[in-house]
Number of protein chains: 4
Amino acid sequence: MPRTPLQFQAVREERRALILQAALRVFAHHGFASATVRQVAQEAGIAQGLLYSYFASKEAVLRAIMEESMRDVLESFTEAHAGTSSEAQLELLLRHSFVLIDQHRDFWRLSYSVRMQPEVLAQLGEAITGWITAITSTLEEHLSALDYADPAIGARMLFAQIDGVAQHYTLDPEGYPLARVLDAMVAQYARRRH
Amino acid sequence: MPRTPLQFQAVREERRALILQAALRVFAHHGFASATVRQVAQEAGIAQGLLYSYFASKEAVLRAIMEESMRDVLESFTEAHAGTSSEAQLELLLRHSFVLIDQHRDFWRLSYSVRMQPEVLAQLGEAITGWITAITSTLEEHLSALDYADPAIGARMLFAQIDGVAQHYTLDPEGYPLARVLDAMVAQYARRRH
Amino acid sequence: MPRTPLQFQAVREERRALILQAALRVFAHHGFASATVRQVAQEAGIAQGLLYSYFASKEAVLRAIMEESMRDVLESFTEAHAGTSSEAQLELLLRHSFVLIDQHRDFWRLSYSVRMQPEVLAQLGEAITGWITAITSTLEEHLSALDYADPAIGARMLFAQIDGVAQHYTLDPEGYPLARVLDAMVAQYARRRH
Amino acid sequence: MPRTPLQFQAVREERRALILQAALRVFAHHGFASATVRQVAQEAGIAQGLLYSYFASKEAVLRAIMEESMRDVLESFTEAHAGTSSEAQLELLLRHSFVLIDQHRDFWRLSYSVRMQPEVLAQLGEAITGWITAITSTLEEHLSALDYADPAIGARMLFAQIDGVAQHYTLDPEGYPLARVLDAMVAQYARRRH
DNA sequence: GATGAATGAGGTTTCATTCAT
DNA sequence: AATGAATGAAACCTCATTCAT
């Protein structure tokens with residue numbers, strides 16, 4: 001019996017997600033420019049040609065990955081910490097950030113290796129800028145609620161530190177003393193007495 | 001009458017430096033994998049083939065850039081701040097770091113886009129790891145001299161923050177409030193009362 | 001509806017054979033090193049890139065040609081003359097050899113121009129040596145059965161002569177008195193009275 | 001004190017010979033097409049550019065090598081055996097042939113790898129054909145004097161055998177039983193009773 | 001939809017030859 | 001004359017994308 005249109009759509013969406021996951025793995029480990037469509041298709045277990053029935057181009061795959069990953073991370077980052085801000089909340093947010101980073105390690109790898117390239121950014125630039133702004137704003141709100149003298153600058157610093165730690169950790173997941181660094185960050189930002 | 005070996009050597013060194021500078025610009029802005037040897041040669045104002053009389057491959061050019069830039073930065077970073085450590089010294093070191101970052105902006109761009117890719121790292125990995133360790137050690141010594149409770153972790157945090165700020169600044173040199181962030185960092189690390 | 005794996009395989013085998021034939025022609029007439037992949041692709045009527053979906057490199061094409069041609073020739077050479085050895089058999093073998101040479105003229109050309117180059121031999125050396133040994137052995141068995149005084153040396157001489165004649169004939173197929181030379185060889189080796 | 005024109009010429013001729021020897025070695029071992037002008041210059045101990053003041057092109061070097069080597073070999077081959085022909089003479093000629101082959105091993109290598117390629121032959125074809133004819137004629141005269149039934153065909157066979165043995169020997173100088181094969185050839189051609 | 005063969009533009013690299021000194 | 005840097009055409013090879021089935 002033939003599948004219903006609904007089933008079709010479900011299959012398509014599932015496969016689309018499969019391709020994106022495969023592409024994320026491949027792009028993250030080889031770099032977007034060096035990775036080949038063949039590798040992605042192979043990792044996804046489909047034929048090369050089929051990929052083009054889901055995405056217009058290799059670059060379109062990258063765009064989809066970045067947009068969806070950024071959306072996921074941002075949602076997870078903001079939703080989880082809506083409501084009132086307290087030092088306990090900020091600590092939760094910090095600790096949760098690194099859970100996110102761990103869960104989306106490939107995304108971070110890819111993101112770091114991609115975001116410096118204007119060519120790629122041309123298509124993604126706005127999305128990334130907006131994403132950074134949104135994260136910074138969230139941090140700023142928290143710091144603001146905690147009576148920081150200059151929450152805007154504080155948010156920049158905090159984000160820079162999160163980003164830096166995430167990057168150093170991504171470079172060497174085994175060797176990096178993440179837990180202790182995280183504790184120190186919590187101590188500095190979320191348990192300070194002003 | 002032919003040129004003397006000395007003359008030849010002088011020409012070669014000049015050209016070599018020229019190529020490296022051109023390659024750094026091109027790699028930094030297009031990404032190593034996307035950049036073409038043609039672009040590098042054009043930027044350097046030479047024929048494509050000549051590049052291969054100076055470097056064995058495109059990758060060898062990258063290696064030379066990274067090694068020499070890392071050496072430059074590290075020398076500049078450590079030598080300038082040898083001797084006794086004081087809070088004033090640490091402030092100098094922080095401020096000087098960002099002068100370095102500004103002077104080697106292309107190197108940072110390239111470095112950020114390259115260091116996540118194992119393929120590239122295979123050849124460079126050790127050099128980069130050593131470089132990071134050296135920088136972290138320098139910071140640690142300073143913090144240690146300033147009686148930090150946990151200088152090792154503090155150095156990680158400080159370096160992460162420098163790296164993060166540098167990266168965000170590199171992404172948007174015009175819009176980033178570098179001066180104020182830097183002041184805040186100085187206030188936090190170099191003027192604190194314990 | 002897609003082709004079945006079997007259909008794909010059939011197409012691939014056909015194409016592979018087509019490429020090998022084209023490459024043999026081109027390599028034989030221009031020499032392996034001077035021949036270009038473009039020429040081979042053109043001769044085969046395919047795009048350059050496709051060749052690399054069948055063979056890993058230009059050199060791999062050469063290896064495939066040599067291995068398959070040597071196998072063909074050897075099979076044809078030995079199988080046809082299994083069983084008892086008589087002078088009539090040796091005559092058949094000699095005459096058949098030159099039929100083989102005629103049928104595989106391009107292979108002989110290529111073989112002669114290639115087998116002196118250590119670079120190429122590095123990959124093929126063993127195969128060629130084994131091939132020569134196998135041919136010499138076959139000849140030796142025949143001579144041995146015919147009560148030659150020193151069949152090993154006789155085989156060397158006979159093979160050298162076959163090889164030499166084949167080569168001179170290949171150099172000038174029109175002008176060479178092949179039939180008469182062949183008759184003389186038959187007279188000398190296969191109809192002698194001891 | 002400046003050199004006299006005569007000294008100049010002597011130097012030039014010496015150097016020319018030096019280049020040819022170097023080129024012969026390089027061409028013989030890498031094949032003409034694969035060998036590079038740089039390799040030749042290096043082997044000769046001169047700068048690349050200087051080679052072009054002695055020869056118009058890489059191909060001109062090959063032509064000079066081939067012409068001079070063929071001339072050398074032919075002279076040595078014919079002059080040494082002028083005069084009356086006897087079986088002892090033919091034996092001498094055969095034995096001397098292989099001394100020549102040993103002395104000019106690189107030339108034979110090169111010659112075998114080059115003579116199948118029409119591109120190269122276009123310039124050399126006539127010279128080679130003439131050379132082969134001259135050798136064959138010499139052999140023919142000897143056989144004729146020894147009352148061979150068909151000296152023309154006999155000469156072809158003998159030359160083919162010499163050529164074949166030379167080639168197999170060149171392929172594996174260590175392992176080839178040259179002395180015994182040579183003895184057998186002498187026995188067959190130069191000591192036979194009709 | 002699904003396959004993987006096929007295309008062809010363009011990438012890296014080599015190298016005979018020329019040129020400036 | 002002599003050097004070796006410099007050129008640029010062309011080689012081999014890769015790969016995003018299209019196509020026939």
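Throughout, a chain's letter reflects where its sequence line sits, starting with A, and its residues are numbered from 1. None of the values given here were measured: they were computed from a predicted structure.
- At distances below 3.5 Å, at least one donor-acceptor pair connects side-chain atoms of Arg109(A) with backbone N or O atoms of Met116(B).
- Ranking dA20(F), dT13(E), dA16(F) by closeness to the Thr36(A) side chain, first place goes to dA16(F).
- A side-chain donor-acceptor contact under 3.5 Å links Ser113(B) to the backbone of Leu110(B).
- The residue among Val11(B) and Arg38(C) whose nearest nucleotide of DNA chain F is located toward the 5' end is Val11(B).
- Whole-Å rounding puts the Arg3(B) CZ to dA5(F) C1' distance at 7 Å.
- Across all strands shown, dT12(E) is found opposite dA11(F) as a Watson-Crick or G-U wobble partner, with both distances under 3.5 Å.
- The line from CG of Leu20(C) to CZ of Arg16(C) is 5.0 Å long, rounded to the nearest 0.5 Å.
- Between the CZ atom of Arg16(C) and the P atom of dA6(E) there is a distance of 14 Å, rounded to whole Å.
- Within the 3.5 Å criterion, the main-chain N or O of Ala64(A) finds no donor-acceptor partner in the side chain of Glu67(A).
- When heavy atoms are screened at a 4.0 angstrom cut-off, Tyr54(A) is found touching the sugar-phosphate backbone but no base atom.
- For Ala47(B), the side-chain atoms get nearest to dG8(F) when compared with the rest of dT3(E), dT3(F), dG8(F).
- Between Leu51(C) and Ala33(D), it is Leu51(C) whose nearest contact on DNA chain E lies nearer the 5' terminus.
- dC15(E) atom P lies 17 Å from atom CD of Glu59(D), rounded to whole Å.
- Rounded to whole angstrom, the span from the CD atom of Gln48(A) across to the P atom of dC15(F) amounts to 10 Å.
- Between the C1' atom of dG4(E) and the CD atom of Gln39(A) lies a distance of 17 Å, rounded to the nearest Å.
- Among the atoms of the strands shown, none is found under 4.0 Å from any heavy atom of Ala41(D).
- One atom, CZ of Phe32(C), and another, P of dA11(F), lie 14 Å apart when rounded to the nearest Å.
- If you check every strand for non-hydrogen atoms under 4.0 Å, Gln7(C) touches nothing.
- For Tyr52(C), counting side-chain heavy atoms from C-beta on, the closest listed nucleotide (dA1(F), dC13(F), dA16(E)) is dC13(F).
- Here the C1' atom of nucleotide dT18(E) and the CG atom of Leu50(B) are 14 Å apart, to the nearest Å.
- Projected onto DNA chain E by closest heavy-atom contact, Val37(D) and Ala35(B) fall at different nucleotides, the more 5' of which corresponds to Ala35(B).
- Pairing of dA5(E), defined by two Watson-Crick or G-U wobble distances under 3.5 Å, is identified with dT18(F).
- With hydrogens and angles ignored, the 3.5 Å screen pairs no side-chain donor or acceptor of Ser34(C) with any backbone N or O of Gly31(C).
- In this structure, the side chain of Glu68(A) does not engage the main chain of Ile65(A) through any donor-acceptor pair within 3.5 Å.
- Nearest-nucleotide assignment on DNA chain F puts the 5′-proximal partner with Arg12(B), out of Arg12(B) and Gly49(B).
- Side-chain atoms of Arg15(D) lie closest to dA2(F) of the nucleotides dT7(F), dT17(F), dA2(F).
- For Ser53(D), the side-chain atoms get nearest to dA1(F) when compared with the rest of dA20(E), dA1(F), dT14(E).
- For the pair Gln42(A) CD and dA2(E) C1', the computed distance is 17 Å after rounding to whole Å.
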